[in-house]
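Predicted model only: the values in this text are computed from it and were never measured. Letters A, B, ... mirror the listed sequences (proteins, then strands); counts begin at 1.
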Amino acid sequence: MSSHSIPRVRIAPSPTGDPHVGTAYVALFNRTHARQGGGQFILRIDDTDRSRYQGTSEGQIFTALRWLGLDWDEGPDDGGPHQPYRQSERLDHYRQCVNKLIDSGDAYPCFCTEERIADLREQQKAAKERLGYDGACREIKKEEAQARIESAETHVIRLKVPSTGETVFEDALRGEIRVANSEIDDQILIKSDGFPTYHLANVADDIAFGITDVIRAEEWLISTPKHVILYSALGEPLPRFLHVSLLRNADKSKISKRKNPVSLDWFRQQGYLPEALLNFLALMGWSPDDENEVFDMQSFEDNFRVESLSTGAPIFDMTKLDWLNGMHIRQLPLTELAQRLESENFLPDGVDQPQALEILPLVIERLTLLSEFTDKTSWFFSQPAPPPAEDLIPKKSDRDTSMAALSAAAEALQALDEFSPDTIGPCLDSVLDKGAWKKPFLFMPLRFALTSRRDSPDLLEVVSVLGKDRCIERIQSSLKVLSTT
RNA sequence: GGCCCCAUCGUCUAGUCAGGUCUAGGACAUCAGGUUUUCAUCCUGAGAACAGGGGUUCGAAUCCCCUUGGGGUCACCA
């Protein structure tokens, strides 16, 4: 297909479980490629496997892709010029297609039982032969086949792969791929339940939808020759094929649920930002020229080239995703961040956006995941249990020193009229001077008294945001702890 | 096992197509410093890779071959 044509690309997830990170990975490249060329990104639902079908899955896929901003131009839910976009609703189309193939002699009915096929495979294994259908039903005369079909005999339709020669095609990333036809199995096109297999449905739909670029995972590379044969039997020009490397587990095997989180829902629930996940996925196989690895989708769209995707096999290591998530959190305006926290349900119970906004500046630099917000701000939204005495007494200090320091701090803060970081700073400095304590001997007990934790935000900000009354109250509670020790 | 794909720091990658500018660059992670009253952010620095062997060439991470390693696939799943 001409490289000048307007790209029409698609992803074709199967509704068989949770929305998969690999779907998003491939969708990202497809959608970006379409947008760059002013073309269309199509969502097709490949639901031809009735045994693995899950009713809730399709909706989850829609939701997850939209969460990521990977929305589509044509799809099952909002229509398009080639409806329907669900394969289970296109059975007539596949039937027509396969009839054409049977007429032209490129496909044939096969009446072999699954038992015979299984036995055949065992024999082939034992004899160390190539595994695959032996073509037994190829020889059945058309009239006989027709009669058996009419008598409702169980059958499938197979592709008649040429027994000699080779099939050649170009992969946009890997160059010319050639496979001997003797290596290619007579693929089942229509299953005995009347549903098409992926191979038929995929090619038939890609033709019907006018798909120009088939950008999909590398696991499909080896079955592409079958698709090429199908295109040519149907008299259709080939789309451009481009097979993206598979995401891997740490042991380099194909990414899997057992060894990695793969559900897009999981990432959302963990508090990853869509822009961070997208950024991370983009980096698995591509890198920007300017070496700035933190970027948004606009920048990606401006610089990405699908042909420049790397051929290596990237290990899905979320360490960098965590870093990216923190970076993207910090790039978000505070009001936007507060909105996200609320809409994604990461706000503590009873806390609203304005309240979150009060405390957000103090913790934004400490967040890696949105889900950490609640824990990191718990000292602010409710009074924590007073810290144990050992936390209130820094190393090399002692109980009396901590009590004196806290008392002095309480007193000084009490006397403060204007309560802001600007006034609190000098106020605490004077407390320090008067007591002649080492800095940590005052500040650490105070930090613990106010937040009950070591990793709190800047102390002046904490004092300020808590306000005079709550500060005094918490200091008193800690003094009580110390005095009863 | 057959067939197909792949191979640069621990990880993601730049460089490979058009061989020299590569004593191989960046990022994450790690470690060490700095900033900071804590944690984090931020800044500086360090260690860390061309799988191996042949060939072509004045010159190879880059081209060719072999080996090794890894992966995918060989379903009436996609």
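- For residues 386-402 of chain A, proximity to RNA chain B is found at no residue, defined as any non-hydrogen atom under 4.0 angstrom from a strand atom.
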Contacts table for residues 117-128 of chain A: side-chain donor-acceptor under 3.5 angstrom, sequence neighbours left out:
| unit_1 | atom_1 | unit_2 | atom_2 | d |
| --- | --- | --- | --- | --- |
| A:Gln124 | OE1 | A:Gly132 | N | 3.1 |
| A:Gln124 | NE2 | A:Gly132 | O | 2.7 |

*What string of B, S and - do you get for nucleotides 22-27 of chain B 5' to 3' if you count protein non-hydrogen atoms under 4.0 Å?*
---SBB
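- One interatomic measurement links the two molecules: OH of A:Tyr25 to P of B:C12, which rounds to 11 Å at whole-angstrom precision.
- Remark: aromatic rings of A:Trp286 and A:Phe29 are distant, center separation not under 6.0 Å.
- Applying the Watson-Crick and G-U wobble criteria (two distances, each under 3.5 Å), B:A7 pairs with B:U68.
- Screening residues 190-202 of chain A for side chain to side chain donor-acceptor pair (under 3.5 Å) gives A:Arg10-A:Asn202, A:Arg44-A:Asn202, A:Arg50-A:Asp193, A:Tyr198-A:Asn202, A:Tyr198-A:Arg216, A:His199-A:His227 as the qualifying pairs, with residues at least two apart or on separate chains.
- Within residues 432-451 of chain A, the residues having any heavy atom under 4.0 Å from RNA chain B are, by residue number, A:Lys439, A:Phe443, A:Met444, A:Arg447.
- Rounded to an integer number of Å, the gap from A:Leu362 CG to B:U38 P is 17 Å.
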_Footprint string (nucleotides 43-51 of chain B, 5' to 3'): B base within contact, S backbone only, - free, heavy atoms under 4.0 Å_ = ---------
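- Contacts of A:Phe441 classified as ring pair (Phe, Tyr, Trp, His ring centres under 6.0 Å), with partners at least two apart in sequence or in another chain: none.
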*Taking protein heavy atoms under 4.0 Å as touching, what does nucleotides 72-78 of chain B look like 5' to 3' if B marks base contact, S marks sugar-phosphate-only contact and - marks none?*
BSSSBBB
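- The distance between the ring centers of A:Trp72 and A:Tyr85 does not fall below 6.0 angstrom.
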Using atom types as modelled, flag every donor-acceptor pair under 3.5 Å from a side chain in residues 304-318 of chain A to any protein atom, sequence neighbours excluded.
| unit_1 | atom_1 | unit_2 | atom_2 | d |
| --- | --- | --- | --- | --- |
| A:Glu307 | OE2 | A:Arg240 | NH1 | 3.0 |
| A:Glu307 | OE2 | A:Arg240 | NH2 | 3.2 |
| A:Ser308 | OG | A:Arg305 | O | 2.7 |
| A:Asp317 | OD1 | A:Thr319 | N | 3.0 |
| A:Asp317 | OD1 | A:Thr319 | OG1 | 2.6 |

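- Residues satisfying the side-chain hydrogen bond (donor to acceptor under 3.5 Å, both in side chains) test with A:Gln87, not counting sequence neighbours, are A:Asp46, A:Asp205.
- One distance of note links OG1 of A:Thr154 with CD1 of A:Ile149; it measures 11.5 Å at 0.5 Å rounding.
- Under the Watson-Crick and G-U wobble criteria, each requiring two contacts below 3.5 Å, nucleotide B:U35 is left unpaired.
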Without placing hydrogens or testing angles, list every side-chain donor-acceptor pair under 3.5 Å for residues 425-433 of chain A, not counting sequence neighbours.
| unit_1 | atom_1 | unit_2 | atom_2 | d |
| --- | --- | --- | --- | --- |
| A:Ser430 | OG | A:Cys427 | O | 2.7 |

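- Taking side-chain N and O atoms only, A:Ser245 has no distance below 4.0 Å to OP1 or OP2 of B:G71.
- Near RNA chain B, meaning a heavy atom under 4.0 Å away, the residues from residues 170-182 of chain A are A:Arg174, A:Ile177, A:Arg178.
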